[in-house]
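Comments concern the structure below.
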Amino acid sequence: MKIHYNLKIIFVLFLFGCAQETSIPVAPNIIPKPVSQKIEQGIYILDEKTNFIFTDEVSEVANYFESYLKETYHIEFSNHKSDKKIVFKIDESMNNEEGYHLKIGENQILISSKNSKGAFYAVQSLLQLMPIKTHIKSIAIQCLEIKDAPRFSYRGMHLDVARHFFSVAFIKKYINLMAMLKMNTFHWHLTEDQGWRIEIKKYPKLQEISAFRNETLIGHYSEQPHQFDGKKYGGFFTQEEIKDIVQYATERQVTIIPEIEMPGHSQAALAAYPELGCTGNKIEVATKWGVFEDIYCPKETTFQFLEDVIDEVVELFPGKYIHIGGDEAPKTRWKSCTHCQQLIRKKGLKDEHGLQSYFISRMEKYINQKGKQIIGWDEILEGGLAPNATVMSWRGTKGGVEAAKKQHNVILTPNSHCYFDHYQSDNENEPLAIGGFLPLEKVYRFNPIPEELTKEEAKYVLGAQGNVWTEYIPTPEKVEYMAFPRAIALAEVVWSSSENKNYKDFINRLEHFNKRLDAMNVNYANHLYEVKGELIKENGQLKYKLETTTDKKIFYSLNGRTPNLLLGDAYYEKPIPIDSSTTIKAVVFDSEKILGSIFEQRINLHKAVGTNISLNVEPHKAYNAGGKQALINGISGNNKRYGDQEWLGFSGDDVEITIDFDKPTEINSISTRFYNGNGQWIYAPKEVHIQFNLENGKVALSKNTQTKNDSLLVNFKYNLSELNPKKEKINSLKITIPNYGIIPDGKQGAGNKAWTFIDEIIVE
């Protein structure tokens with residue numbers, strides 16, 4: 001329903017005259033979107049005469065709301081007898097524990113909820129109906145009615161403070177932002193190979209040794225040789241600081257889940273207490289990222305240590321869950337450890353995976369005795385799932401599906417949709433990230449219920465969580481940049497009903513919400529005004545399609561010149577015909593002002609562009625943004641990273657690419673590039689095979705061995721002069737790219753099949 005405010009505002013100003021200024025009511029743009037929202041006639045005026053009426057059960061929420069109004073708008077409530085009221089009402093008949101009913105009339109705001117949780121979320125919606133900042137102490141609020149409740153009970157955000165450490169003040173800011181978005185769970189990743197961040201009084205070396213590393217890797221792990229900054233780095237949270245943060249979160253209806261990693265990602269703890277490892281050898285707190293072979297040894301001293309740690313942890317965190325990690329635990333040390341092999345035989349376990357299951361199950365039993373439940377990453381499925389464990393599925397959704405079918409609770413956090421340490425834009429100027437490509441729209445379109453689950457099995461999906469791993473995120477400002485606005489999109493995914501979601505509508509509301517982030521000094525990433533492009537084939541002609549997320553105008557120019565309205569550059573209305581190689585530049589304009597960055601795309605119109613292409617295997621769904629046509633669309637992938645829509649990624653597969661030409665074509669060369677980020681399990685192939693089907697019916701074959709190359713990008717080029725000296729025209733070609741094979745010992749991902757990443761195939 002479209003509301004016109006002008007007459008209402010004039011009427012209000014007339015009523016209050018010069019002696020009383022009133023703010024302009026804010027148009028409703030609530031995030032996450034409520035289940036139902038009905039705008040009504042009239043406005044409510046909130047001022048110092050407003051009375052708060054509430055019971056003890058919601059007193060904390062009411063006091064929080066009143067304090068917010070005093071601090072933000074400097075309203076001093078007089079407790080004056082007045083008809084204007086804000087009433088908090090407990091309604092036990094409501095079905096959802098976190099639902100609420102917000103009814104704003106001209107004389108009363110009524111907040112109905114089953115408990116304080118729903119009341120708090122009603123307040124968060126109400127705050128979004130108020131001006132961000134104003135000097136006026138009479139605030140006009142649009143009359144409306146909202147009935148709302150979350151889709152999922154678990155709505156989480158994660159933060160890794162082990163790779164990089166952050167202050168108490170920033171942790172509180174992060175939690176506060178979550179609460180604004182009606183997120184209810186903060187997953188606090190406290191221990192890692194690179195640092196131990198929680199004070200454990202019984203083991204002081206965890207603070208003295210494990211909390212600090214000697215230096216930190218500079219640049220990306222894939223950049224060789226590795227370089228370091230030579231600076232000691234670290235820190236930890238005292239138990240008093242943790243209690244303060246927990247109290248702050250509780251006031252905002254946020255439960256904190258601490259993560260204490262085991263049995264892997266434990267090198268920092270072993271640096272302080274090497275006797276807890278299999279070798280007993282002295283090691284250092286890790287100074288670079290990745291997966292390390294030194295993990296906890298499953299012996300009695302280790303279990304005693306971990307139980308003592310848990311004893312102190314459970315006293316600090318009142319929530320029901322303790323996260324125990326369980327991911328990326330190499331079994332190298334266990335395979336050569338006499339104690340581990342004897343334990344496998346003694347317990348009748350199948351192998352080292354069974355030993356990990358024993359490890360997790362034993363710790364689960366102890367944690368259950370403390371009145372808590374465990375959560376683990378999906379690796380805890382290996383060797384058999386602990387009896388009462390909740391699975392956090394990060395390696396896609398497969399682990400979540402498996403756990404739900406076994407009637408275990410599941411939290412979805414797949415790296416394809418929920419890893420906010422991945423790149424979020426194709427822009428060359430994006431800050432360094434671990435890799436991947438996760439734009440805002442992909443997050444928004446995530447459905448936490450995997451298609452493979454039945455309606456009954458889907459009940460075990462508690463919700464979803466966004467993860468912020470900080471290997472390449474050293475500052476609070478960069479955490480904010482990587483997390484927001486993707487966390488905002490996820491908040492709507494886990495709160496709003498799927499049928500109530502609309503990306504275009506979300507973007508319109510996000511533009512307003514960003515102004516609130518500006519007022520809070522949040523360094524969010526604003527890619528709303530970026531231009532995106534795609535080469536398409538329309539009626540047999542190649543064209544380039546431009547689009548932007550908002551409804552604002554796009555202007556463009558060809559041949560690499562920056563668009564300039566004074567020079568008569570074109571307003572984009574429909575796809576641009578492409579008949580030769582060119583460079584397109586485009587910008588979003590608003591009232592003759594450039595918004596966002598300048599889009600630039602070089603199109604190389606080589607002989608394979610627009611032809612037919614087929615693959616023997618599908619690219620991995622996490623790295624298939626551009627589809628198979630990305631290999632022959634005239635556009636090369638990013639030089640710095642592999643996660644954009646132009647690079648295609650294949651997980652362990654041999655790849656066959658067939659290109660069929662529209663007519664017999666003379667070809668002189670074929671070239672492409674392979675990404676070679678070994679630290680990310682990505683390896684260029686050892687060899688490439690090429691087969692040509694000539695116009696004369698003959699078949700020509702070639703086998704090309706790639707030379708050893710340690711660079712991040714490996715170029716491949718084949719000249720046809722030897723294979724086709726007579727320059728016969730070619731009907732089709734097949735390129736076979738065998739997978740590198742098993743990653744060797746001592747390398748990241750050892751024992752797993754390598755990934756293959758392929759860029760544009762250029763045919764000239």
- Query: Are Q108 and V87 side-chain neighbours, meaning at least one heavy-atom pair lies under 4.5 Å?
  - Reply: yes

- Message: So, using ring pair (Phe, Tyr, Trp, His ring centres under 6.0 Å) as the criterion, who are the partners of H158 when residues are at least two apart?
- Response: H187, H189, W469

- Message: Quiz question: by atom type and distance under 3.5 Å, do the side chains of K103 and S112 form a donor-acceptor pair?
- Response: no

- Message: Taking the side chain as everything from C-beta on, heavy atoms only, tell me whether N514 gets closer than 4.5 Å to L528.
- Response: yes

- Going through the checks in order, is the side chain to side chain donor-acceptor pair (under 3.5 Å) test met by S125 and Y100? CA-CA 10 Å; S125 291; Y100 66 90; 2.6 Å; yes

- No-hydrogen, no-angle side-chain donor-acceptor test under 3.5 Å, S210 and Y203: no

- Task: May I have all residue pairs that pass salt bridge (Lys or Arg N to Asp or Glu O under 4.0 Å) and include part of residues 246-260, sequence neighbours excluded?
- Result: none

- Message: Within the structure provided, determine whether T50 and I75 are in side-chain contact (heavy-atom separation under 4.5 Å).
- Response: no

- Message: One thing to verify: whether D244 and K172 come together as a salt bridge, which I'm taking to mean a side-chain N less than 4.0 angstrom from a carboxylate O.
- Response: yes

- Query: Of the options N467, I473, L438, which is the one that meets F420 in a side-chain contact (heavy atoms from CB on, under 4.5 Å)?
  - Reply: L438

- For the pair E430 and Y481, evaluate side chain to side chain donor-acceptor pair (under 3.5 Å) and give the outcome as yes or no after the intermediate values. CA-CA 10 Å; E430 280 295 281; Y481 185 88; 2.6 Å; yes

- Of all residues at least two apart in sequence or in a different chain, which pass the ring pair (Phe, Tyr, Trp, His ring centres under 6.0 Å) check with Y121? W495

- Task: Output yes when E402 and K405 qualify as a salt bridge under the 4.0 Å nitrogen-oxygen rule, no when they do not.
- Result: no

- Indicate yes or no: at least one non-hydrogen side-chain atom of T191 is less than 4.5 angstrom from one of L206. no

- Could you tell me whether K202 and D311 make a salt bridge, using a distance below 4.0 angstrom between a side-chain N and a carboxylate O? no

- Mind jotting down which residue pairs meet the salt bridge (Lys or Arg N to Asp or Glu O under 4.0 Å) criterion with at least one end in residues 113-123? Sequence neighbours excluded, please. E97-K114

- Under the side chain to side chain contact (heavy atoms under 4.5 Å, CB included) rule, collect the residues that match up with V123, sequence neighbours excluded. V61, Y64, F65, F88, I111, L127

- Does the side chain of Q142 come within less than 4.5 Å of V26's, by heavy atoms? no

- Message: I'd like to check F237 versus I198 (side-chain heavy atoms, cut-off strictly below 4.5 Å). Are they in contact?
- Response: no

- Message: Tell me every residue that passes salt bridge (charged side-chain N to carboxylate O under 4.0 Å, His left out) with E471, counting only those two or more places apart in sequence or in another chain.
- Response: R163

